[in-house]
Amino acid sequence: MMNRRELSAILAGATAQEVEAAAQEIKDTCEIQILKQPQKTLVMVKVRESVKKSLFYLGEILATECMVTVNGKKGASVMAGDDFDKCISAAVIDGFLNDETQDHSRVLEQIRKLGEKQKREREKLNRQLRKSKVNFNVMGE
């Protein structure tokens, strides 16, 4: 089972079309009400620096937030950027997963597949970047 942090990271890294596809079945079969229309907001980004491991605020980013109910269960989403449709779809997924009476397996499987796709893409990019990595210890010898 995926935890909320992993789920959020996968949805944030997915395209709007991928998140919409994951939420489509929920939208087709469940009663959805928008409690808070998507709106733009600014969010402070907290970062842990690598040497002393202390936290500091990097700055603000533009984000979109919204809140929905799915069959009476609240779902919320805050996404970087200004894609209202992606934010609504992520909130619908959150509301659906908050409903303990539903079978979550199909939605979670779609999201797991998105996560695997993102992991493969990251590994491919890392392989490409490693080819251009410079080892400064060897250069000084």
For the student: nearest non-hydrogen atoms of [X] and [Y], plus distance:
{"X": "Ile10", "Y": "Gln118", "answer": "O-NE2, 2.9 Å"}
{"X": "Cys66", "Y": "Cys87", "answer": "SG-O, 3.6 Å"}
{"X": "Val78", "Y": "Val43", "answer": "CG1-CG2, 4.3 Å"}
{"X": "Arg5", "Y": "Asn3", "answer": "N-OD1, 3.1 Å"}
{"X": "Asn98", "Y": "Lys74", "answer": "ND2-O, 2.7 Å"}

key: Val107 vs Glu25, side chain to side chain contact (heavy atoms under 4.5 Å, CB included): CA-CA, chis, key distance, verdict   = CA-CA 8 Å; Val107 172; Glu25 183 179 340; 5.7 Å; no
request  = May I ask you to decide whether Lys124 forms a salt bridge with Glu121, counting only side-chain N to carboxylate O separations under 4.0 Å?
outcome  = no
inquiry  = Less than 4.0 angstrom from a charged side-chain N to a carboxylate O is my criterion; do Lys73 and Glu100 meet it?
reply    =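 No, no charged N to carboxylate O under 4.0 Å.
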Backbone of Val92 reached by a side-chain donor or acceptor of Lys27 within 3.5 Å = no
ask   = For the side chain of Gln102 and the backbone of Phe96, is there at least one donor-acceptor N/O pair under 3.5 Å apart?
value =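 A pair under 3.5 Å: no.
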Reported [atom1]-to-[atom2] distance for the pair [X] and [Y], which is rounded to 0.5 angstrom:
{"X": "Leu125", "Y": "Arg120", "atom1": "CG", "atom2": "CZ", "answer": "15.0 Å"}
{"X": "Arg112", "Y": "Glu6", "atom1": "CZ", "atom2": "CD", "answer": "12.0 Å"}
{"X": "Gln110", "Y": "Arg106", "atom1": "CD", "atom2": "CZ", "answer": "8.0 Å"}

Side-chain heavy-atom pair Ile26, Ile93 within 4.5 angstrom cut-off =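 Sidechains of Ile93 and Ile26: in contact.
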query = Can you name the one residue among Gln17, Glu18, Glu20 that meets side-chain hydrogen bond (donor to acceptor under 3.5 Å, both in side chains) with Ser89?
reply =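 By the side-chain hydrogen bond (donor to acceptor under 3.5 Å, both in side chains) criterion, Ser89 pairs with just one of Gln17, Glu18, Glu20: Glu20.
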According to a hydrophobic-cluster definition based on side-chain heavy atoms being under 4.5 Å apart (Ile, Leu, Val, Met, Phe, Trp, Tyr only), do [X] and [Y] belong together?
{"X": "Met79", "Y": "Leu42", "result": "no"}
{"X": "Leu58", "Y": "Leu55", "result": "no"}
{"X": "Ile111", "Y": "Val19", "result": "yes"}

query = After noting the C-alpha distance and the side-chain angles of Leu62 and Asp82, does the key distance pass the side chain to side chain contact (heavy atoms under 4.5 Å, CB included) rule?
reply = CA-CA 7 Å; Leu62 176 69; Asp82 61 353; 4.0 Å; yes
message = Show, in sequence, the C-alpha distance, side-chain angles and deciding distance for Leu108 and Leu7, and conclude whether the side chain to side chain contact (heavy atoms under 4.5 Å, CB included) test is met.
response = CA-CA 9 Å; Leu108 289 174; Leu7 184 94; 4.1 Å; yes
message = Can you tell me if Tyr57 has over 12 outside heavy atoms packed within less than 6.0 Å of its OH?
response = no
Test log, rule side chain to side chain contact (heavy atoms under 4.5 Å, CB included), inputs Leu11 and Asp94 = CA-CA 10 Å; Leu11 291 177; Asp94 184 54; over 6 Å; no
Donor-acceptor pairs under 3.5 Å, side chain of residues 30-38 to any protein atom, not counting sequence neighbours: which ones?
from	atom 1	to	atom 2	distance (Å)
Lys36	NZ	Glu65	OE2	3.3

